[in-house]
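Step one of this worksheet: look at the structure below.
Order of the sequence lines fixes the chain letters, A, B, ..., with proteins taken first and strands second; residue numbering starts at 1 for each chain.
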Amino acid sequence: MADPVARDRVEWLREQINYHNYRYHVLDSPEISDAQFDALMQELRTLEAQHPELVTPESPTQRVGAAPVEAFGVIDHPVPLLSLGNVFNREELLAWHRRVTGLLDGRAFDMVCELKMDGLAVALVYEGGRLATGATRGDGYHGEEITQNLRTIKSIPLVIQGAAPRRFEVRGEVFLTKAGFEQLNQERARQGLPLYANPRNSGAGSVRQLDPRITAARPLDIFVYALGWAEDGAGMPATHWETLGFLKDLGFRVNPLSVRLGSIEEVASFCEEWVERRHTLPYEADGVVVKVDNLGYQQQLGVVGREPRWAVAYKFPAIQGTTRLLDIGINVGRTGSLNPYAILKPVQVSGVTIRHAALHNEEDILRKDIRIGDVVIVQRAGEVIPEVVGPVVSRRTGQEREFRLPEGCPVCETPILRPAGEAMARCPNRACPAQGLELLKHFVSRGAMDIEGMGQALCAALLERGLVKDVADIYYLTAEQLEALVMGQNKRTGNDIAVGQKRAGNAISAIEQSKARPLASILFALGIRHVGGETAELLAQRFGSLAALAAASEADLMQVEGIGPKVAASIAAYFSDEENLRIVEKLRQAGVALEAAPTAPRATPLQGLEFVFTGRLERFTRTGAESLVKELGANASSNVTRKTSYVVAGEEPGSKADRARQLGAKVLSEEEFLHLLEEAGVKG
DNA sequence: CCGCCTCGAGTTCT
DNA sequence: CTCGAGGCGG
């Protein structure tokens with residue numbers, strides 16, 4: 001008799017899986033991540049294996065996908081397009097290999113590894129050397145006829161090169177490159193259309209347009225990876241690897257990164273290497289497909305359920321996840337801007353626990369229709385910064401609350417300001433404790449006065465005790481005051497007295513050293529609105545001293561290249577405020593240098609060049625490299641544009657290197673960059 | 001007035 | 001890294 005607990009669970013799992021299958025395959029609008037779906041499937045398979053009496057022909061494990069939608073013609077796949085079993089780590093991969101080795105009576109075999117494209121699987125039938133039909137995978141047995149759309153994809157040959165079987169079917173994955181995806185979304189944003197969440201969704205959406213002209217306008221691509229069947233073919237390949245070569249010879253696009261390997265250890269290393277490097281790919285891949293190379297062996301191994309035993313998908317850890325939005329908090333920035341952020345039920349995304357994510361501003365929240373209590377899709381933008389993609393609308397219970405900014409500042413309760421046409425709401429109270437703290441943290445930060453040993457905790461404690469009321473006060477602190485404060489903190493952390501004294505001493509000497517920072521650093525540190533590092537540099541060069549800058553009129557300021565009316569007004573406003581002038585005077589009396597140090601005439605061997613640095617460099621920090629090329633007369637920015645001359649790519653470069661290639665900028669390795677410096681007369 | 005390009009400001013996690 | 005917004009040229 002069946003275990004009733006298992007029966008209930010199996011039924012529940014099937015309902016879930018059927019529903020999500022439908023979302024994914026029919027609507028192209030998944031609401032859980034692939035990893036979560038895989039987990040449901042895995043649990044069902046395990047339960048069915050333990051309770052074979054519960055298996056029915058209708059179970060999702062017994063079929064490949066959902067029924068196709070009605071709008072397109074239906075095409076039968078005489079040889080069904082199978083799905084793949086998944087493994088998630090090295091152990092499971094080794095277990096698969098052991099199983100296959102056993103089934104082959106211990107014989108050794110080669111394997112082919114291919115990146116698993118995150119796109120849409122298609123089958124293309126050629127007759128007499130011409131593309132006859134193209135179809136989606138559908139449920140594996142019946143797909144949608146989308147020939148007209150596939151014909152628009154330029155990497156699909158309409159006519160075959162050279163000798164080919166009279167009739168045959170090739171299989172491949174249609175996808176959108178990351179660059180193509182961004183381009184498409186920018187276009188849609190301009191037209192006010194809803195944005196696609198990721199390249200897979202938009203690729204699927206593009207291929208299944210009823211109007212082929214829309215498909216044609218999208219930068220779709222294809223990698224072909226298998227021969228489904230063939231009639232009247234003489235001298236056909238005997239291995240999968242040869243099949244790939246054969247397909248390439250016929251004019252199909254085959255992923256050049258595929259490899260044939262002899263041992264499972266090499267296969268595992270290949271998979272693990274791509275887990276690390278996948279973000280360097282110009283397209284999205286969600287795993288590596290491992291196939292037994294010998295087609296005779298494939299036949300012998302056969303198919304179980306709907307999964308071949310001769311292939312397996314090594315899945316990458318998910319980049320997206322879903323979780324609940326518990327609440328929306330608000331931070332107050334140094335300029336008084338109110339910045340909402342998401343408080344999330346902790347969730348693992350690509351190996352990191354995410355608890356918070358920026359939500360930018362109220363308009364952004366409304367545009368994405370994010371509500372408190374929603375289940376939301378979370379991803380790490382550029383694989384790093386957590387980001388809320390959007391809500392899963394169908395999981396709403398009606399208990400969700402729309403987010404509204406409060407009327408008053410969450411810290412000081414001053415009524416907030418919402419200037420018309422501006423996205424950011426602000427707290428106008430310059431005495432707001434939140435602003436004071438952010439301003440002080442900014443003042444001591446790297447790139448500003450760069451005072452090491454003054455972290456968030458110390459800044460907060462100084463303000464709290466009233467030892468510091470404005471940024472200039474830190475230059476009047478005594479060693480005793482700091483020691484007492486640091487000791488107070490140490491009691492909690494259990495450090496001993498000597499450490500406390502040392503820390504206080506370090507802070508005092510760091511404060512002392514900061515008095516000699518260049519004028520630009522001080523201008524930046526003051527936190528004048530619209531004056532960041534670059535503008536501070538311009539101002540320092542032009543005016544040469546803080547006094548000269550303070551005396552400048554708005555008209556004088558606008559003479560400086562890159563400074564327009566807004567920035568000029570902001571600077572003038574800063575120096576017409578009594579309180580600010582008092583702070584500047586206190587800094588001067590404390591002995592902070594407010595003049596530009598006389599600058600040596602600069603060498604300019606790299607005059608006119610634009611550099612962008614990306615990735616991790618061995619011999620420089622990124623800012624170090626930037627200031628070095630600036631000293632040599634070049635410019636350094638963080639965005640690759642048409643004006644960029646060189647992109648210097650270190651270890652693990654991001655998307656910038658790709659963009660550089662697109663725009664035709666030269667990409668240099670660190671070696672080549674060092675070489676360039678030598679030629680420019682810099683000693684290594 | 002629009003479409004670049006740059007800069008500023010705020011951000012997460014280890 | 002992302003988004004907003006200022007500056008500026010066409």
Side-chain angles (χ1 to χ4, degrees), chain A residues 178 182 185-187 189-190 195 279 319 328-344 346-365 367-368 378-389 418-427 434-435 437-439 441-442 445 447-448 456 520 523-539 557-571 610-612 614-616 622 626 635-644 653-656 659 663 665:
Chain A
K178 290 177 188 168
E182 274 161 35
N185 254 356
Q186 276 167 21
E187 192 86 13
R190 258 199 298 285
L195 302 187
H279 65 273
I319 339 177
I328 294 179
I330 297 171
N331 282 327
V332 181
R334 121 176 104 84
T335 61
S337 60
L338 303 190
N339 315 109
Y341 63 95
I343 301 167
L344 303 162
V347 61
Q348 288 280 122
V349 180
S350 50
V352 177
T353 310
I354 296 186
R355 294 179 178 82
H356 304 283
L359 287 173
H360 304 115
N361 55 60
E362 189 179 28
E363 199 191 320
D364 199 40
I365 297 170
R367 193 178 55 224
K368 290 181 178 167
V378 176
Q379 71 180 10
R380 298 214 291 153
E383 318 260 319
V384 184
I385 312 276
E387 170 183 73
V388 176
V389 179
R418 309 220 40 189
E422 278 184 35
M424 246 14 135
R426 308 206 111 78
C427 163
Q435 282 184 55
L437 176 60
E438 294 304 316
L439 211 53
K441 274 161 63 184
H442 170 71
S445 70
Q456 149 114 27
L523 290 179
F524 175 52
L526 290 175
I528 303 167
R529 261 249 265 174
H530 300 129
V531 179
E534 297 289 328
T535 307
E537 188 70 48
L538 285 173
L539 292 170
L557 290 162
M558 299 229 313
Q559 296 303 305
V560 182
E561 171 115 0
I563 292 186
K566 303 264 183 172
V567 179
S570 169
I571 297 168
E610 291 273 340
F611 283 83
V612 174
T614 182
R616 187 164 28 80
R622 193 161 334 164
E626 280 167 3
N635 228 326
S637 80
S638 62
N639 274 332
V640 181
T641 67
R642 266 169 288 153
K643 291 202 302 190
T644 306
S655 56
K656 282 173 199 165
R659 191 168 150 72
L663 293 173

Q | Flag side-chain contact, heavy atom, 4.5 Å: A:Val332 against A:Ser337 | A | no
Q. Is any side-chain heavy atom of A:Pro340 closer than 4.5 Å to a side-chain heavy atom of A:Ile365?
A.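 Answer yes - side chains close enough.
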Q | Qualifying residues under ring pair (Phe, Tyr, Trp, His ring centres under 6.0 Å), relative to A:His442, sequence neighbours excluded | A |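 Applying ring pair (Phe, Tyr, Trp, His ring centres under 6.0 Å) to A:His442 gives A:Phe524.
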Below the 4.0 Å mark, does [N] have OP1 or OP2 next to a side-chain nitrogen or oxygen of [X]?
| X | N | answer |
| --- | --- | --- |
| A:Thr335 | B:dG10 | yes |
| A:Asn331 | B:dT11 | yes |
| A:Asn361 | C:dC3 | no |

[X] [atom1] to [N] [atom2], straight-line distance once rounded to whole Å:
| X | N | atom1 | atom2 | value |
| --- | --- | --- | --- | --- |
| A:Phe524 | B:dG8 | CZ | P | 8 Å |
| A:Leu338 | C:dG4 | CG | C1' | 16 Å |
| A:Gln435 | B:dA9 | CD | P | 13 Å |
| A:Ile528 | B:dA9 | CD1 | P | 10 Å |
| A:Ile365 | C:dC3 | CD1 | C1' | 14 Å |
| A:Lys566 | C:dG7 | NZ | P | 8 Å |
| A:Arg529 | B:dG10 | CZ | P | 9 Å |
| A:Met558 | C:dC8 | CE | C1' | 12 Å |

Candidate nucleotides [options], ranked by approach to the side chain of [X] - the nearest:
| X | options | value |
| --- | --- | --- |
| A:His356 | B:dT11, B:dC7, B:dC13 | B:dC13 |
| A:Val567 | C:dG6, B:dG8, B:dT12 | C:dG6 |
| A:Ser337 | B:dC7, B:dC13, B:dG10 | B:dG10 |
| A:Asn339 | B:dG10, B:dC13, C:dG6 | B:dG10 |
| A:Ile354 | B:dA9, B:dC13, B:dC7 | B:dC13 |

Q) At what distance, to the nearest 0.5 angstrom, does OG1 of A:Thr353 lie from CG of A:Leu344? A)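 Going from the OG1 atom of A:Thr353 to the CG atom of A:Leu344 covers 12.0 Å.
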Q: Would you please name every residue forming a side chain to side chain contact (heavy atoms under 4.5 Å, CB included) with A:Leu439, sequence neighbours left out?
A: A:Arg334
Q: Would you kindly compare A:Ala342 and A:Arg334 by the position of their nearest DNA chain B nucleotide and give the one closer to the 5′ end?
A: A:Arg334
